[in-house]
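Reading through the structure tokens given below for one structure.
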Amino acid sequence: MTEKARIATLWLDGCSGCHMSLLDIDERILEIAPLIDLVYSPVVDAKEFPENVDLTLVEGAIASGEDIAKIKLVRSRTKLLVALGDCSVTGNVPAMRNNFLLEDVLQRGYVDNATDNPGAPTREVPKLEPKVIPLHELVPVDLFVPGCPPSADLIFFVLSEVLAGRVPDLSTQCHFGN
Ligand code: SF4
């Protein structure tokens with residue numbers, strides 16, 4: 001890429017561990033920083049997801065109506081959409097609740113185990129969907145980067161390859177279950 005690449009990261013239903021792994025690139029960020037504009041991310045103060053994004057790394061599964069709206073918008077504005085980490089690739093930990101009815105999960109979390117003010121929140125939090133799904137069940141995904149979280153080395157490889165104008169070949173870098 002000759003111009004600066006417009007890069008974004010998105011945090012859906014995940015623990016933030018994948019973003020922490022991204023930050024674990026440490027000083028190698030200095031190699032990447034001159035080549036990119038970070039246009040949207042939990043680590044920058046951008047309110048709206050912008051148009052014409054070259055690459056978006058997506059952490060987390062889709063668990064709420066808010067997640068659905070976000071990922072559809074992000075997909076429509078992103079050239080290369082990357083599922084970053086097992087939650088976005090397979091559903092992983094957030095999808096463990098799929099074995100139970102949503103009402104039972106909320107009852108367990110917000111009533112049975114509550115020590116104060118029992119009751120699920122009904123305002124100012126996104127309404128959960130009955131089932132958690134990985135990204136590709138809702139939108140096309142261009143690249144799957146497995147791991148819980150993916151290693152900083154693997155994330156750096158992905159970013160380096162994309163910035164060099166190549167599609168990252170992960171077949172020699174990782175495998176599922178690693
Ligand atoms: S893949 Fe692992 S580290 Fe990443 S958001 Fe999910 S649980 Fe957290």
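Worth saying up front: this structure is predicted, and the values here are computed from it rather than measured. Order of appearance sets the numbers: ligands from 1, and atoms from 1 within every ligand.
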K79/D54 salt bridge by N-O under 4.0 Å criterion: yes
Ligand 1 atoms nearer than 4.0 angstrom to some heavy atom of G14 are 5 (S)
Verdict with reasoning, E129 to I62, per side chain to side chain contact (heavy atoms under 4.5 Å, CB included)
CA-CA 8 Å; E129 291 291 298; I62 297 165; 5.8 Å; no
min-distance protein heavy atom vs atom 1 (S) of ligand 1 -> D86 N, 3.4 Å
In this structure, atom 6 (Fe) of ligand 1 is nearest to the protein heavy atom C87 SG, 2.2 Å
Can you tell me if G147 contacts ligand 1 (heavy atom of the residue under 4.0 Å from the ligand)? yes
Ligand 1 atoms nearer than 4.0 angstrom to some heavy atom of N92 are 1 (S), 2 (Fe), 6 (Fe), 7 (S)
Side chains of D169 and S171: any donor to acceptor distance under 3.5 Å? yes
heavy-atom search around atom 8 (Fe) of ligand 1 in the protein gives C15 SG, 2.3 Å
Checking heavy atoms under 4.0 Å, the part of L84 that sits near ligand 1 is neither
In this structure, NZ of K131 is separated from CG of N99 (nearest 0.5 Å) by 7.0 Å
- Query: Would the number of heavy atoms belonging to other residues, nucleotides or ligands and lying under 6.0 Å from NZ of K72 be above 12?
  - Reply: no
Is the ring pair F144/H136 parallel, tilted or perpendicular, if the boundaries are 30 and 60 degrees? perpendicular
For N92 and C148 the tightest heavy-atom approach is ND2-SG, 3.5 Å
Looking only at protein heavy atoms, what sits closest to atom 4 (Fe) of ligand 1 is C18 SG, 2.3 Å
shortest atom 2 (Fe) of ligand 1-to-protein heavy-atom contact is with C148 SG, 2.3 Å
Atoms of ligand 1 under 4.0 Å from any heavy atom of E59, numbered from 1 in the order shown, are 5 (S)
